[in-house]
Structures are given as structure tokens and as C-alpha cells.
Amino acid sequence: MLNRRSLLKAGTAAGVLAAVPAGLVIAAQPRQATEPTRPFTVPLRVPRPLRPVRLADHDLYRLTTREADVAILPGTTSRVRTFNGALSPLIVARRGRPVVIEQANALDVPFSMHLHGGHVPAHSDGHPDNEVAPGRSRLFHYPNTQLASTMWVHDHSHHAHAENIYRGAAATYVLTDPAEDRLPLPKGQYDVTLQLRDAKIEENGTLVYDLHGFQDRPTFLVNGSPRPYFEVAARKYRFRLVNTSNERAFVLRLGEGEEFTHIATDGGLLPAPVPSRILQVWPAERQEIVVDFSKYPVGSKVVLQTMMTFPGEAPEVLRFDVVRSAADPSSVPGRLRPAPDLGTPTVERQFAMSFDPASQQHLINGRPFDVNRVDFRPRLGTTESWTIENKDTAFTIPHSMHPHLEHFRVVERNGKPAGPSEAGLKDTVTVMPGESARILIRFTDYTGMFMFHCHLMGHLTMGMMGQMEMVR
Ligand SMILES: [Cu+2]
């Protein structure tokens, strides 16, 4: 029998998850007393891209990881961990133009920068062996040879990473390329990054962190603002959603269940747009959509809400206020980017994800993370087939798999072909209890040690990680 304490340690609430595959009902519970703000009183902050130092062959950014007092709830400030003093900063990079980030660590904990979704050499991947100690600095090299996509930057120092992410240190990293630029998708001010997450913030502004407190984070933040509103023109927008939560999944619905267009996932554009009314965004995932506000009269207010909530939580995430008309030369073409051919797999691997109540650890193939163990060694130039099985039917805990370095394709869910919304490149796949996913992953050029892990940060902290060494 699972008691409350072990459930908290384990991962999530059964009743909540049961709603996901079964049919997604709107939570209609009363407002929770611990939620200190009313929704839609704060405007959305839209980050401007950080300005690099432009050198001959790369763009240089200096990011200082440090604490800062930031206004989140109206009338208060919250002590958070940041890059350069701000929540949700944005870096925009260009395919073929390398980025170098000099990270100076002014926190009192180690920090190891990881570009989530980045195809980067091992020395710049944020392996726990490459932690930047307090008071030290280090260069991270991002070659940007991969296809356009929305990525994000967060800590990967083992043990401190969950708290560093929770306390706010998360940057969005958008990579553009000429092929995507040529498409008539919404651009400029109509292309907006939205970091989504949950938090527990007391009325005085104190941000409360508890490794096991995932059921008590009732305040939803978008780019660091609590349930904000965003004034939009009556035209199409591209939204790049990045879930930077430790454990929270967002199951998003627009207005009364109106249609939007799903255009991209973790690794960039889908082969073709997918008309959608529901969008799941699991921790660390990116999902991109185009919303056409021209169907709403000026003066309309359209609420984005999540349909998977814990009891007592308000479902609202963000409100779009349609305040003006505007010309709209943008469109969503019927073909976006061909699905890459990852080749024929010659190696098969199984990954059983499970929680062990005796040791209170989360395990992959029965073992917790050990930095002195290499779990396997993929050969460069080969394609592998990985089957990820979530064995946690007793605890109804979702798990995900995030291999560093290479994107993959989800080819099967529970033995059946995956759907069109998973037809593009992914780097994080979530698997529900008792279910499985099969992915194809091809190892191309970089050798060295890289991590793979569940991206529910509590699970990762409690052991659900391994390492693979790419070899020639
Ligand atoms: Cu997990």
C-alpha cells in the first residue's frame, strides 16, 4: 500500500494521470487558498534576445549565474537563481554560426550548463564532471550545425540541478536556419517564446523549494509572470512553448477547445502541420503552435488553460487579449520540413523505468545512476532502436527519456505507429505507466561521455540517469 509520503516521493497523483489517456476533463475545483494571485493581472513579459559580442567566427555571450530579487507576484520580490539577473532570458542563434558562452558562476552551488537539445561536443554538454564551482567560470561551445529548433539552457550538475532549475535558471535558445526563414510562418514580434512552469510562492514572495513538493506548486508562471495576460493582434502568432517545470505536465486547451496548428516539437518543424485542440507539454519538452486570432473579434479574451491539475488548482495559464486588427502576410504551409531518415537500426536496447520503494530511488534497468559506470557504448555511424518501458503501474508515475547529443524519432507507441504530432525530431519522450515507446536514434560524429535520463527532475535527482560513451 502506498502511503502519502511514498506517493510524494514517487512522482505524481494517480487521479490526475488517469485523466490523460482517458479523455482529459477540465478540472473544476475551487481556487486553492495558497494561490496568492488572481489570474490575468500581470502582463506577459516577452524577452528580447540577449546581445552577444560578435567576434570573427562566433558569437560570445557572458552569462553569470547568480541570485537576484525579481518581481513575480505583484507588490513583492522573490529571490531566484538567474542568468544575468533575469528570468526566462532568450538567446537567438543562427545555424552555421557557433555560439560560445562564458559562464561565470556567482551562485554558492555548482552549476554545469547544458544546452537541452543541443548537438555539442562532450566537453560542453554539461556532464557533472564539468561542473563550474562557485566563483569559477568556464567556456561552453555550441557549434550550431544542427537544424533549426527551440532549445533551452539549464543546469546539469548532479544533485543541484533540480533546485537550480526550480529556482529559475532557465534560458530559451532558439536556433534559426535559412530553410525555416523561407517559410511564411509568423515572424518577428509575432514569433513568441513562452516558458511554462509551476511554482510555490508565498504571499510575501518567497519561492519555496521542496524536492518532493510537486503537488503543491499551484502558481503557473509564463516567462516568469504568474498567469499573465498578453495583448495580441487579430492575426496569426507562432508560440514556442518550453516546459521548464521540474515535474509539471501541461495539457493545454485554448478557449472553449478551439483549433490551433501544431507545427514543431523538440527538434524543430514537423513534416506537416497538425490541426490540434489539445497539446501535451511534458517537462523539458518544446511544442510550437500557430494560433490564428483573426477569428476572434477585437475585444475578445481567449484563455489558455491546462486540463491536468491537482485538486484545488486553478487551470488558467495565460490569457490572450485581442486588442487590435493587423495585416497578416503569414501562413502555415502544408509541408514544413521533411522527416529525416535516421537509417536502419542495427542495435536494440531496452530501458525499463521504475521506482523502487525500498530504496526510494528511481531506476533504469534496475540500477540508479553511478558516475563510475558506463551503461553502454554506441558506435558512431550506427542507428539504434530503443524501447522505453514505464514499469510503474503500481504507482502511476510517468517517466521520460532524454538522451543527450542526438535527436531521435518516436516510431512506435505501445507497438503501434506513432501519430503525426510525433513525426518530427524529438529529444525527450514521456511514457505513461504500463506503456512503451520505441525510438530510432542515430549517433553521428561526437565521441565521449553523454548522459541519458528521465527529465522529471525529482526522478533524475533520485537516480534515474545513466551515461553512454560514444566510440568510433
Ligand atoms: Cu521519471
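Numbering of ligands and ligand atoms starts at 1, following listing order. When a residue number appears, it is its place in the shown sequence, counting from 1.
- For the pair Arg138 and Phe140, the cation-pi test (distance below 6.0 Å, angle within 45°) is passed.
- Identified under the salt bridge (Lys or Arg N to Asp or Glu O under 4.0 Å) test for residues 266-278, with sequence neighbours left out: Glu259-Arg277, Asp266-Arg286, Asp266-Lys426.
- Relative orientation of the His404 and His156 rings is perpendicular, given thresholds of 30° and 60° on the angle between their planes.
- Looking at His114 and His161, their side chains never bring a donor and an acceptor atom within 3.5 Å of each other.
- Distances shorter than 2.8 Å separate the Cu ion (ligand 1) from the protein N/O/S atoms His399 ND1, Cys454 SG, His459 ND1.
- Counting heavy atoms from C-beta outward, Arg248 and Phe250 have side chains that approach closer than 4.5 Å.
- The aromatic rings of His459 and His362 sit parallel to each other, their planes meeting at less than 30°, with 60° as the upper class boundary.
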